[in-house]
Structures are given as structure tokens and as C-alpha cells.
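Working notes for the structure below.
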Number of protein chains: 2
Amino acid sequence: MKRKLTFSVLAAVMTVTVFAQQNVGINYNLFNPEITADKKATFKVLAPQAENVLVWGDFQTTPLQLQKDTAGVWSATTDVLASELYTYRLIVDGLPVNDPFNPYQLRDIAGVANYFIIDGEKNHYLPHDVKHGNISKVWYHSPSSGKDRRMTVYTPAGYDDSDSKRYPVFYLLHGMGGDENAWSELGRASYILDNMIASGDAEPMIVVMPNGNANEVAAPGETPEGLYLPSGSRSRSSDNQFEASFKEIIDYVDSHYRTLTDRKHRAIAGLSMGGGHSWRISMQNPELFDYVGLFSAAAGWRGSDITPMDNEHLLSEGMMGIFNNPPALYCIGIGKDDFLMPLNDQLRKVLDDNNFKYTYHLSDGGHIWRNWRDYLSLFLPQLFK
Amino acid sequence: MKRKLTFSVLAAVMTVTVFAQQNVGINYNLFNPEITADKKATFKVLAPQAENVLVWGDFQTTPLQLQKDTAGVWSATTDVLASELYTYRLIVDGLPVNDPFNPYQLRDIAGVANYFIIDGEKNHYLPHDVKHGNISKVWYHSPSSGKDRRMTVYTPAGYDDSDSKRYPVFYLLHGMGGDENAWSELGRASYILDNMIASGDAEPMIVVMPNGNANEVAAPGETPEGLYLPSGSRSRSSDNQFEASFKEIIDYVDSHYRTLTDRKHRAIAGLSMGGGHSWRISMQNPELFDYVGLFSAAAGWRGSDITPMDNEHLLSEGMMGIFNNPPALYCIGIGKDDFLMPLNDQLRKVLDDNNFKYTYHLSDGGHIWRNWRDYLSLFLPQLFK
């Protein structure tokens, strides 16, 4: 009986996927979550043999307990949710797994989570009926490493319809364990850009999202190393290697895209490790960037140690460069619970001691994509004005 | 106790993902599958509370039963596997789910499956240390629909380093329920192309993978319709709409890329519905294509009916066009168990009756991606020689 039940669930849920399109007419019927008019999310999971099903997501602090009906469908509904992109997994008899009734997923390092979006304030994380930019995965040659490396490039709507119009460039860097896909996927960068450019909130711009891992040329699965377990430590950049070679990325972009190449038309920002990269690259090359964003930045990060560098050490990393040649905008954003707060406090102390102007945005929460999408949304309208 | 165990598993497996990068050091340790030197795949699933765990994949005809050890790790090993890209899911207490210990996944319509690759003959499905082409998601304006639509474009290595070199173009079409992402993801097109171009087996070419759904402008999640349940019926093209407007795609490509625009440098192929599209487009425009590939093609498909059109009906669809102006290559591939075999048998009868030259490749299996990747690999070396 048990085996038979197994296969009846399989027939409903799985046939199309694993065995491809042989039975193109079969469908799932369930789709999670259903969003009610008052912005609650209902989850339904057909799992008659399971003993316990939970939904664990970043929309509440404890897992949501689902209840089983006589047909074997587990369900529960959240409280009213604020507008946001939420991620979640199911926990089926103790095992955290993706929701088979929601094909929309995001990978973060080695883990994959389902997502959904509650519309409203964060509606710009979804595609709208506006002109869209293009997203390209571009291989460029890196003279410093002797290797070809991969970046994601966003070109704004209209870019391909002109031979002459030039655009400002925003370099947007990922964190440890991330890659050149992180900002366009987890960060929703192309949707945010399309929508904010269409509404006039952001200038049309090229956005370059390179792979910032010194030891990896591209995202997991896109390299000759084959399919391996992604990890933060594997991806870690070290010893200024990425920062010191950053000009080769700018050179490639300026020689292959119709860019505006003066300082007023170049921005850099990054999250976590990429915030540390942005911190270093902007102070090593203050003449190149008029806009700098440090999102939950690992500024002054020393390997696994989050003890901040003292002022003298921070200054010795080259901060006088940017003090002597300050950009038009230097923007720091971090969550109250972020484990990198000590580094950011120390960085701000050095900035304050040197009368360096910056903006500071303190969020709720920790070292999370929700905050980084917010910082991107806050940063973009300030660029190239 | 049960609740406590749940959270200990969660801590090991899930923290990084759902709550993003707050704990960047945490890792999974397990990664599936482990491939042995003799090409067996071992799966290990940490699920102490589960009552039954199976692996259901396209590498065997029945699910693989995993056995639980005292630490709560379920495991099993397959037989020796031939070189191939395999997809699978876990079945945990009756529910088919993705493997949380393998972040590599492919979406096929509404279902997501994990995948792995056994190297050997199909090694070209993985990236190698060769020059890579770029993959772009491109929005173009469709005059016939009045809408912007999305396509995937592969430009070969070197394309961006020249201002003058022109390339042949291969139009590669997806099936019902598919979209502009299908060939580059499920079909591994960019890896196959990179490797076959690098080895000299295929000519450098531009490959255009449009969205062939008359009712959808782009893949699920990329349109103003938001996040919905993908389905074959929703995506279905009807009444020659896509085929009749296909020249607008060619016009866009020829005006935005450095193409060779004569017939000898243009190919078209597609799978299933896209094979039907390729059949119609090539006979409606025989002057445009010198290479035609029909992969498990829905040639003469009449909605949900797989009763073949009779010869007269097939001819009335315009087949005389291509009989009077035959391409250099007309290639038909299909699996022995494919549900569209009756349509293909009838099509071949018409071709034979009219002394039309074509190649025919009969595979094992049915209407599956494994065959379509094979057909692509067989078709590419014959193009533009």
C-alpha cells in the first residue's frame, strides 16, 4: 500500500520533470504560495505519507506548522506580510527541502531556497510592462591571472538600438561565496534597474557584475572544475588580488561597451566581501569613482577575524587616497544585527576623524539579501545626477 | 526531542540559505552524488527523522532505495552509469523533492530536478578549459505582436573582439512549455557549442534561441504576469502565429549582430513544438535556410491530436515550397518510444513519396532532453561546412 501511494503522488507531481516532456499534459495543480488580497501567504503541500511538514522562511521567526487534511494536503497561512521578497524551504519530516509546488528558486552559495514576492513597496523586484535591459554572461581575458573570467553585464533598454550613445558604468560586487550571478539573481538587479530607469528614478546605465573570487573564474558549474559544492571559503579572495587587478575589468568594459569614461560617470558598490573590495578599490583609485557604496562591507576584514583594524592600520591601507580626493557620494549601509558591525563602526570612526563626508543607512536585520536589495534601491537614484 | 532534532539538522543544512550570509562559515559537508572512479553514483541524505528515502532519476527504471545508518544518513549507490547528464529527485516519505545536498538544478516547465553528469562521451555537456562564447538575454521588439519579447543569444568566443568578422546564424527552438532558457539550460547548448567550436567539430556561429510561445513574451518570472505556475498549455503556440512572424526575429538579429545573411549561413532546428515550428518556417521560407533540423518534431501537429495529417493535408501546409527548393541538410531525429512517432512516420512518408533527401536518426527512448542534446551534438558538425 505504501509503495502504491508513493507512486500516486509521483504521478501527480513528478512525471513531467524527471522524465521530461513525454507526458506534456500532466500538471501539478498546486502552486505555492497563494497570496490573498490582504497579503497573507497560504502554503499547500500534498504529502499524505509525511508525519510533519513545516515552512521555514524569512518572513517569520519560527517555522510555520502546516496541518494535514484527510486528502493528505498539508496547509497553513501566514500573518499579513509586508511587501518584500521572501525565501523559504519546507521541512518534511525533519529534512529541509525545496517546495516541489513552487519552481521559483534562488541559489545562495550551496543552498537553494524558494521565493515569492509580496507586492507593494518592493514591487520593483518583479518585471513590469516597461522597456527591459539585457543581461549578458561575458567572458573577458584577465591579463593578471592569465585566465578568462566571467562577468554579468546589464545594458539598459535602448543600448542596442544606438551606435553612438554612451552610458555611465556601475560596478556592482558580490560577497564571499557569491559569484557573477548573485546580484542579478538574489539581488534582483535587472528588475530593479529596469523599473527604476523606466520610472526616471535612476539614470540609464551599464551595470557590470564581475566574479570577485580570486580563486574562481566563474560561478559554480561554469568552470572546468565541473560540479562541486560551493562554499564561502572556497571562493574567498585574498591579499588584494582582485582589487589590484580591477583596472583590467574597467579596461575591458571601456573597450567593449559604449561607456562614459570620466570619474563622474563611474560608480562602484558591493556587499560584504564586495563591500570590502569596493572600499579598497575606491581608495586605491580615487580618481576613477565618483560614487562608492559599501553594503554590509567587510572593510578592513582580516581573514576570519572581525576584530577591526585600528585607525592607523586602516589609514595605512591607503585611505588617505580617498580623503585627498573624495567622491561625490560615499554611502554606507548595514543592518543593526550584522556581524560585520564592528568593522563598520571602526570605519566610520576613521571617516569621522578625518572629516570625510558619507551617508549612513542603518537597517533592521543582519547580513542578508533583503538589506542589500534595499541598499541597491537607495543607491541607484543618487548616481550620475 | 523531535523538535530539537529538527533544529540540529537545520543548523547543519539550512542556515546559510534561507537566512542568507549571516553565518558564512557554515557548510553542508554532504554533496550529491559522489561519482566513483568506476562511474557509479553514491547518494547520501542526512534525514534522521524520515521513514523512507528514495532517489528517483532517469538513470534507472525504478527508484533507488536508500538505507539508513545509525547516524541518520540514508545512502545507496547506483550501478555503473554510461556517460550522460542525469536528472533526479529524492522521494522523502512519499514526497518528491529536490536534493538539498546538490545545488545543481534544472527547471523543466513547472518542475525542478537535480542533475549530475557522468563524464566520457558526454563530457562536452560540461565547461572545459576552452574559449567561451557569451550568453545574453535580449529583448527585441516584435512588430507583429506590438510587444517586446525575449530571446537567448549565444555569440561565439572572439565575437566581441572584432568589429568586422561576420558569422552564420543557427535558430534553435524550444518545445511546448519551454521558453528562451530551455536550450541553454536543459539543452546545455552553450557548453556543447563552446566545446565543439573549440575542438573544430563545429564552425563558430551565432545561436539564437527565441521564445516560441505566441502567448508569452518571455520565460516564467520574466514577464509582467509575475510568478505563476508554468504549463505546456499556457505556453502553446497556435495557428501559425509564431511561424508567420519569424522573419521579424531574423530581421532583428541581422540588424543587431554581425551575421552572414545568405541561405548558406542560416540554419534552423527545434524540438517538439519547436520542431513543428522549424518544419513550417523552413517550408514557408525555403530561400532562407540551408540547414533544417526536426528533433522529435510536432510536424503536422493539430492541437492535442497526434493523428497524422494525410499526405494531401501535409502538402497543403506548404511542403511543395521546400521540395522545389531543398536545403543542403534536412535532418530528422526521434526516439523509438516518442509519442510523436506517428507524425514523424507520416512526414517521412511524404518526404519519401516526393524523393526529398533527408537524414534520419532513430534513438532509444522517448520525448526527452537526453535525445535532444544528442541531436544537437549530431547536427552542429554538419552546419556551415
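Naming convention: chains lettered A, B, ... in sequence-line order (proteins, then strands); numbering from 1 in each chain.
The most heavy-atom pairs under 4.5 Å with chain A, out of B:Val217, B:Ile135, B:Leu227, come from B:Leu227. Heavy-atom pairs under 4.5 Å with chain B were tallied for A:Leu186, A:Val97, A:Val53; the largest tally goes to A:Val97. Ranked by heavy-atom pairs shorter than 4.5 Å toward chain A, the options B:Ser136, B:Gly133, B:Ser190 are led by B:Ser136. Of the listed residues (A:His128, A:His256, A:Arg107), the greatest number of heavy-atom pairs within a distance under 4.5 Å of chain B belongs to A:His256. Heavy-atom pairs under 4.5 Å with chain B were tallied for A:Pro220, A:Gly335, A:Gly226; the largest tally goes to A:Pro220. Between chain B and the options A:Ser255, A:Ala50, A:Gly221, the largest number of non-hydrogen pairs under 4.5 Å is found for A:Gly221.
Between B:Phe339 and B:His367, the angle of the ring planes goes over 60°, which puts this pair in the perpendicular group of the 30/60° scheme.
Residues B:Phe59 and B:Phe116 place their aromatic rings such that the two centres sit under 6.0 Å apart.
For B:Lys131, the salt bridge (charged side-chain N to carboxylate O under 4.0 Å, His left out) test picks out A:Asp148, with sequence neighbours left out. Residues satisfying the salt bridge (charged side-chain N to carboxylate O under 4.0 Å, His left out) test with B:Glu225, not counting sequence neighbours, are B:Arg234. By the salt bridge (charged side-chain N to carboxylate O under 4.0 Å, His left out) test, A:Arg370 is found to be paired with no residue, residues two or more places apart in sequence or in another chain being considered.
Using a 4.5 Å cut-off between heavy atoms, B:Tyr125 does not touch chain A at all. Looking at B:Leu126, only its side chain comes within 4.5 Å of chain A, counting heavy atoms on both sides. Looking at A:Tyr86, there are no atoms closer than 4.5 Å to chain B (heavy atoms on both sides), in backbone or side chain. For a residue to count as touching a neighbouring chain, one of its non-hydrogen atoms must lie under 4.5 Å from one of that chain's; by this rule A:His132 touches chain B with backbone and side chain alike. Using a 4.5 Å cut-off between heavy atoms, B:Val45 touches chain A through its side chain atoms alone.
Going from atom CG of B:Asn32 over to atom CG of B:Leu30 covers 6.5 Å, rounded to the nearest 0.5 Å. To the nearest 0.5 Å, atoms CG (A:Leu106) and CG (A:Asn181) are separated by 11.5 Å. To the nearest 0.5 Å, atoms CZ (B:Arg150) and NZ (B:Lys137) are separated by 5.5 Å.
Side chains of B:Thr223 and A:Pro127 form no contact here, defined as non-hydrogen atoms less than 4.5 Å apart. Residues A:Ile118 and A:Ile35 meet the side-chain proximity criterion, which asks for heavy atoms closer than 4.5 Å.
Remark: of the listed residues B:Asp99, B:Asp58, B:Leu85, B:Leu85 is the sole one forming a side chain to side chain contact (heavy atoms under 4.5 Å, CB included) with B:Tyr115.
Residues of residues 153-163 of chain A lying under 4.5 angstrom from chain B, judged on non-hydrogen atoms, are A:Asp160, A:Asp161 by number.
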